[in-house]
Amino acid sequence: MVQDAYGSRRRRPSRAACRGLIAAAFALAFAPVLAAPKPLAPANDARCRAGASQHPFAPVLPAAKRALTETNQLVIVALGSSTTAGSGASEANNSYPAVLEAELRRRLPGREIKVINKGVGGQSAYDMLLRMESDVIAEKPSLVIWQTAVNDAIRDIGEEKLAKILKKGIRQVQGAGIDLVLMDLQWLPREGRYPKYDDYRAVLAKTAAENNVAVFPRYGMMRTWSRSKQFTPEELVGMDGDLHLVDAGYRCLAVRLADGIAAALTGVRPDGKPTN
């Protein structure tokens, strides 16, 4: 028995009761953590590789490979518009650049990996060209992933104009000794609203080929994901039904980018087989 400040006598709680109180307090303290939404499980990543053989991504990245070998570091700048900025993602950590950084760290343990997000929603290729030096090259990356031309296609700025802008950007990046990957335009469920969409995709592909730049085949990948029936429509595009991805789509972009980049740097494909 114990006596309180008012002279009342009360029974001391048993050890079992104390343990119960401690457990309850512990559960309450960690309730917000336990209730937090879980990230997409890695097991779901297998569906991201649907159609990988039809739409391969096998870039050659000499600058990135040299940086990783000589400094044990890899700095990537992701330049782009809303897809890069992460519009539609539930949080910043679910944008494709953030997931790509996490995936590369997992695949390249012991290396210092940094992916810098330089996405600005709504920007055109020309807008990005204007900040190529200050926002991209100044970061001293060994690899740049340039996601562009969607807004140019929607606004129909002119195919020759887009080609000139892309060439200038490519020359700036390559002139700085940096590897470059151009990202193909995204697949749109209702792309018929933009009659020249495929023409702008062709401009990007042609310009990349003429300048020896790898293209990440986003359009083909997204179309295959949609047709694979492994995703719901809501997992690939958001409530706007067209332009913005959501978490599952962003994760799959990052997984497929990481597959190609890691294979180029290590010589080993995701299935464990050598790249050559």
For [X] and [Y], which heavy atoms make the closest approach, and how far apart are they?
X: Tyr197; Y: Ala153; value: CD1-CB, 4.0 Å
X: Ala254; Y: Tyr96; value: CB-O, 3.6 Å
X: Pro59; Y: Gly260; value: CD-O, 3.8 Å
X: Pro97; Y: Asn117; value: CG-ND2, 3.5 Å

*Donor-acceptor pair, Gln147 side chain versus Met183 backbone, under 3.5 Å?*
no

*asked:* Closer than 3.5 angstrom, by distance alone: can the side chain of Asp247 be matched with the main-chain N or O of Ser90 as a donor-acceptor pair?
replied: yes

What donor-acceptor contacts under 3.5 angstrom involve side-chain atoms of residues 62-71, with partners at least two apart or in another chain?
unit_1, atom_1, unit_2, atom_2, d
Thr69, OG1, Lys65, O, 2.9
Thr71, OG1, Ala67, O, 2.6
Thr71, OG1, Gln73, N, 3.2

Is any side-chain heavy atom of [X] closer than 4.5 Å to a side-chain heavy atom of [Y]?
X: Arg256; Y: Asp259; result: yes
X: Leu182; Y: Ile170; result: yes
X: Asp156; Y: Tyr200; result: yes
X: Leu104; Y: Ile76; result: yes
X: Tyr194; Y: Leu188; result: yes
X: His55; Y: Thr224; result: yes
X: Leu79; Y: Thr84; result: no
X: Leu204; Y: Trp146; result: no

Mind checking the [atom1]-[atom2] spacing from [X] to [Y]? Nearest 0.5 Å is all I need.
X: Thr266; Y: Ile261; atom1: OG1; atom2: CD1; value: 11.5 Å
X: Cys252; Y: Arg47; atom1: SG; atom2: CZ; value: 6.0 Å
X: Met222; Y: Leu185; atom1: CE; atom2: CG; value: 11.0 Å
X: Glu112; Y: Arg105; atom1: CD; atom2: CZ; value: 8.0 Å
X: Arg223; Y: Trp187; atom1: CZ; atom2: CH2; value: 9.0 Å

_Cationic tip of Arg201 above Tyr219 ring, under 6.0 Å, 45° of axis_ =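 Yes, Arg201 lies over the aromatic ring of Tyr219.
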
Distance-only check: which donor-acceptor pairs under 3.5 Å involve side-chain atoms of residues 120-142, not counting sequence neighbours?
unit_1, atom_1, unit_2, atom_2, d
Gln123, OE1, Arg131, NE, 2.7
Gln123, OE1, Arg131, NH2, 2.9
Ser124, OG, Tyr126, N, 3.4
Ser124, OG, Asp127, N, 3.2
Ser124, OG, Asp127, OD2, 3.1
Asp127, OD2, Ser124, N, 2.9
Arg131, NH1, Lys118, O, 3.1
Arg131, NH1, Asp135, OD2, 3.0
Arg131, NH2, Lys118, O, 2.9
Glu139, OE2, Lys118, NZ, 3.4

_Leu265 and Leu74: CA distance, side-chain angles, deciding distance, side-chain contact (heavy atoms from CB on, under 4.5 Å) verdict_ = CA-CA 10 Å; Leu265 298 177; Leu74 176 63; 3.8 Å; yes

*Out of Ile178, Leu143, Ile116, Ile113, which residue meets the side chain to side chain contact (heavy atoms under 4.5 Å, CB included) rule with Val75?*
Ile116

*In plain terms, say whether Lys164 and Glu160 are close enough for a salt bridge, that is, a side-chain N and a carboxylate O under 4.0 Å apart.*
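The answer is no: the pair does not qualify as a salt bridge.
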
*asked:* Applying a strict under-4.5 Å side-chain criterion to I, L, V, M, F, W and Y, I'd like to know whether Ile145 and Val99 cluster together.
replied: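 No: no chain of side-chain contacts under 4.5 Å links Ile145 to Val99.
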
*Linking I/L/V/M/F/W/Y whenever their side-chain heavy atoms sit closer than 4.5 Å, directly or via other members, would Leu100 and Val255 fall into one cluster?*
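No, Leu100 and Val255 fall in different hydrophobic clusters.
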
Could you list the donor-acceptor pairs under 3.5 angstrom formed between side-chain atoms of residues 209-218 and any protein atom two or more places apart in sequence or on another chain?
unit_1, atom_1, unit_2, atom_2, d
Glu210, OE2, Lys206, NZ, 2.5
Asn211, ND2, Thr207, O, 2.8
Arg218, NE, Asp184, O, 2.8
Arg218, NH1, Thr83, OG1, 3.1
Arg218, NH1, Gln186, OE1, 3.3
Arg218, NH2, Asp184, O, 3.2

